[in-house]
Structure formats: C-alpha cells, structure tokens
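First the structure, in the form of structure tokens, and then the observations on it.
The residues of the chain are indexed from 1 along the displayed sequence. These numbers come from the heavy atoms of this one structure, side chains and all, not from hydrogens, waters or symmetry mates. When a ligand or atom number is given, it counts from 1 through the structure's own listing order. Computed from a predicted structure; not experimentally measured.
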Amino acid sequence: MVVKFVSDCLNLGQIFRWADPLGRNPYSVMKDGDYFPWHFDGNEFTVSMLVQEADAGGTFEYSPNIRDPENENFDHVKEVLRGEQKGGQDRVKKLQLKTGDLQLFKGRYSLHRVTKTRGKPRIIALPTYVTNPYLVNRPHHAKAFYGRATDLHFERDIQRVDSLTD
Ligand SMILES: O=C(O)CCC(=O)C(=O)O
Ligand SMILES: [Fe+2]
C-alpha cells in the first residue's frame, strides 16, 4: 500500500490518507504563465509525481522545516516572502522535477511555491497524507486553494494538530 510506503519513508509512525474531500488527491495543471505562490499546506505530508514537465519554469522552491508546531518562525518566513537572504543564508532550495519524478515533502512546515511555467502544461499528481484521520482543511484554506468549502469543512472546523497560522 502506498500509505505504508510513505509512512516508512517518513519514519513517523502511522499516517493516513487525508480525509479532505477536495485536497485528498488533487492534480495540478499549470498552463503557460501560471504560478503557485508561497504557502503552507493544511495537511502535513504530500507525495508529488510529475506527470508532465513544462517547457521551462515550474520550479518547486521550498524552505525545509522553516516552522514547526511550537515555532511559527515569522522572521524567517518574512525573509523568504520578501526574497531576502540575511547573513548570506539562502533559506530556499530549488527543485526542477523531471517527468516521472516522485518526491515527498512536508508542506505544513516547509514554505513552498511553484514558479511561473512556460510552454506546455506542467501536470502533477499530489496525493496527501496526515497524522490525524479526521481533520480536513479549514474552510478559508479550502476556499483559497480549491475555490470552495464543503459542509464537511465547516463540520470539522474544531480542533487542529497544531495551532499554526494557516
Ligand atoms: O505543484 C507542486 O509541485 C506543488 C503543489 C502544492 O504546493 C500544493 O498543491 O499545495
Ligand atoms: Fe502546497
């Protein structure tokens, strides 16, 4: 089972496929000129599989573990959002995925974005995983990412695995 494989890779004990009705198994199709701005995910772990690379751009940029459940680390987050490199320290890593590549990332704790794509669409599958099988995105997060929130998002907007800003 893929969930077992992902859990073994992360070495974090039991994890679950995300219950979120919109975010549990999304595909992203980015057309010429599209980009995905800096953000954190509502879920903790994502597997990304690049189905088709764009002709250019579409770089996955990320700042690994820039925050954790105990520390928002707004100072460093601000530096990344402003494109600063204080003390010569580049907090941002860049990954140019190739068609067929698979990566695991911790999108709740690693600020990330996808740069502007050029030419043919960048197509990627993004199955998502969590430590809590019940929780889903907050309604505002579902709206921002997928354009709408469902009844389930409101029903389950009660407790969180952390108190981090979405
Ligand atoms: O397309 C990607 O590589 C990342 C997508 C992403 O960050 C997301 O769906 O939350
Ligand atoms: Fe993301």
- Axial cation check for Phe60 ring with Arg113, 6.0 Å and 45° limits: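 No - Arg113 does not lie over the ring of Phe60 by the 6.0 Å and 45° rule.
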- Message: Between Asp41 and His112, is the side chain to side chain donor-acceptor pair (under 3.5 Å) condition met? List the steps.
- Response: CA-CA 9 Å; Asp41 297 334; His112 56 284; 3.1 Å; yes
Return yes if some donor-acceptor pair links the side-chain N/O of [X] with the main-chain N/O of [Y] below 3.5 Å, else return no.
| X | Y | answer |
| --- | --- | --- |
| Thr131 | Ile15 | no |
| Asn65 | Tyr109 | no |
| Thr128 | Asn43 | no |

- Heavy-atom neighbours of Phe154 CZ exceed 12 at 6.0 Å: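 Yes.
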- Task: Heavy-atom cut-off of under 4.0 Å around ligand 1: list whichever protein residues fall inside it, by chain and number.
- Result: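 Residues Phe36, His39, Asp41, Phe60, His112, Val114, Arg122, Ile124, Leu126, Phe145 each place a heavy atom under 4.0 Å from ligand 1, listed by chain and number.
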- Query: Charged N to carboxylate O below 4.0 Å: is that the case for Asp32 and Lys116?
  - Reply: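 Judged by the 4.0 Å cut-off on N to carboxylate O distance, Asp32 and Lys116 do not form a salt bridge.
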- Message: Tell me the closest heavy-atom pair linking Leu97 and Ser48, and the distance in Å.
- Response: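 Smallest heavy-atom distance, with atoms named: CD1-OG, 4.4 Å.
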- Item | No-hydrogen, no-angle side-chain donor-acceptor test under 3.5 Å, Asp166 and His39 |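 Side chains of Asp166 and His39: no pair found under 3.5 Å.
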- Anything protein N/O/S under 2.8 Å from the Fe ion (ligand 2)? Just list residue and atom, please.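 Protein N/O/S atoms under 2.8 Å of the Fe ion (ligand 2): His39 NE2, Asp41 OD1, His112 NE2.
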